[in-house]
Amino acid sequence: MFRVFYASGLALMAIVGLAAQPAFAETPNEILASIQKEASGTAGSQGFSAARGESFFKAKHGGEWSCASCHTDNPAAPGKHAKTGKAIEPLAPSANAERFASPKKVEKWFKRNCNDVLSRVCTPQEKGDVLAYLLAVKK
Amino acid sequence: MSIHKQKTFRVLAVVLLAMGVTLSVAQADDDDRDERYGGRYGEKYGEKHSGKYGGENRGKPVQPAQTNAKFQRECSDCHIAYAPGLLPAESWRKVMAGLDKHFGSDASLDAQDNKEITAFLVNNASNRWSASTAPLRISETAWFKRKHDDHEISPAVWKNPLVKSPANCAACHPRAERGDFNEHDIRIPK
């Protein structure tokens, strides 16, 4: 009897716990895992590399801007919009807990910023490398 | 009450009323000042359309009583969320249809967010715009040019790195973010 009660209590707590989560909130590692899943379906995919992500982040890719143009060479520091001058909160999750917590936001900004920096979408490999780099940056 | 006292009372009432009128003129929107000099500026900007500034006038009020959380959040990521009344509805439709190439940046939104924000902007666009024009930049409108011409703003102000660009409203209008451009609050950085 006690066990049944205990089990149903646990189940109830789990349901309440899930419901209390803000909608779609995820952790940067969960987002990395979903990029990994996406990458594994593409040809020539390899494990993500923070070093490769760092050089990708700091390089210009034929255009006017790099990622660092706005986010600076230190993603744990605040940045500044290259055109409007508006302040940008730090990008590295170690310095800003709001980063890489919403898949919708991540998708929106990768689309915009890859288009601005590379004039195309980024591959899952590139996104994964960059996120691996950002996760490795310490505050 | 004696007749004499009644008279004094009336005079007092008239004086108070007159003071009230003067006060409201002083607090009135700076538009009224332009209206008084309407002829001169009307000439300058042509009279091909009805209304002030050749029909290219911002709305009143520029910021609607009710705002929209999505508009506020999404449009203030890279710049301040420009008040909807600064442009006519057709301008907002054009801006929102071209977000993937937004003044040199990709500012695209998903379809649902785009639809909701477009509706908010269009519903609260300038209500005093009678011209058939629909500029994309607020700084290209006749009202903006008149209010920021060389008589009003010295060309040196625009060269100040703290001002940087006419798009940077908040450099001189501290409450621009809230759609408040009251002339009395203007602080031009030195």
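Lettering follows sequence order; numbering is per chain, from 1.
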Any luck finding a side-chain donor-acceptor pair between A:K111 and B:S108 under 3.5 Å? yes

Measure B:D77 against the heavy atoms of chain A and call it side chain, backbone, both or neither at under 4.5 Å. both

Candidate pair B:K101 and A:N115, rule side chain to side chain contact (heavy atoms under 4.5 Å, CB included), full reasoning: CA-CA 10 Å; B:K101 291 186 177 68; A:N115 223 347; over 6 Å; no

Got a list of side-chain donor-acceptor pairs under 3.5 Å for residues 62-70 of chain A, not counting sequence neighbours?
| residue | atom | partner | partner atom | Å |
| --- | --- | --- | --- | --- |
| A:S66 | OG | A:A68 | N | 3.1 |
| A:S66 | OG | A:S69 | N | 3.2 |
| A:S66 | OG | A:S69 | OG | 3.4 |
| A:S69 | OG | A:S66 | N | 2.8 |
| A:S69 | OG | A:S66 | O | 3.2 |

Report yes or no: do B:I186 and B:L162 belong to one cluster of Ile/Leu/Val/Met/Phe/Trp/Tyr joined by side chain heavy-atom distances under 4.5 Å? no

Does atom NZ of B:K94 have more than 12 heavy-atom neighbours, drawn from other residues, nucleotides or ligands, at distances under 6.0 Å? yes

Look up atom NZ in A:K108 and atom CD in B:E74, then write down how far apart they are to the nearest 0.5 Å. 3.5 Å

Taking atom CG of B:D100 and atom CZ of A:R112, what is their separation to the nearest 0.5 Å? 11.0 Å

Identify which part of A:K83 has an atom lying under 4.5 Å from any heavy atom of chain B, answering side chain, backbone, both or neither. both

If you count every heavy atom of other residues, nucleotides or ligands that lies below 6.0 Å from A:Q46 atom CD, does the total exceed 12? yes

When rounded to the nearest 0.5 angstrom, what is the spacing between NE2 in B:H102 and CG in A:D116? 11.0 Å

Return the set of residues passing disulfide (SG to SG under 2.5 Å) with B:C78 (not counting sequence neighbours), or none when no residue passes. none

Rounding to 0.5 Å, atoms CG (B:N168) and OG1 (A:T84) come to a distance of 8.0 Å

Chain A interface, residue from B:D106, B:L109, B:D110 that has the most non-hydrogen pairs under 4.5 Å: B:D106

Other residues, nucleotides and ligands only: do more than 12 of their heavy atoms fall within 6.0 Å of CD on A:E107? no

Looking at A:E89, I'd like to know if its CD atom is crowded, meaning that more than 12 non-hydrogen atoms belonging to other residues, nucleotides or ligands lie closer than 6.0 Å. no

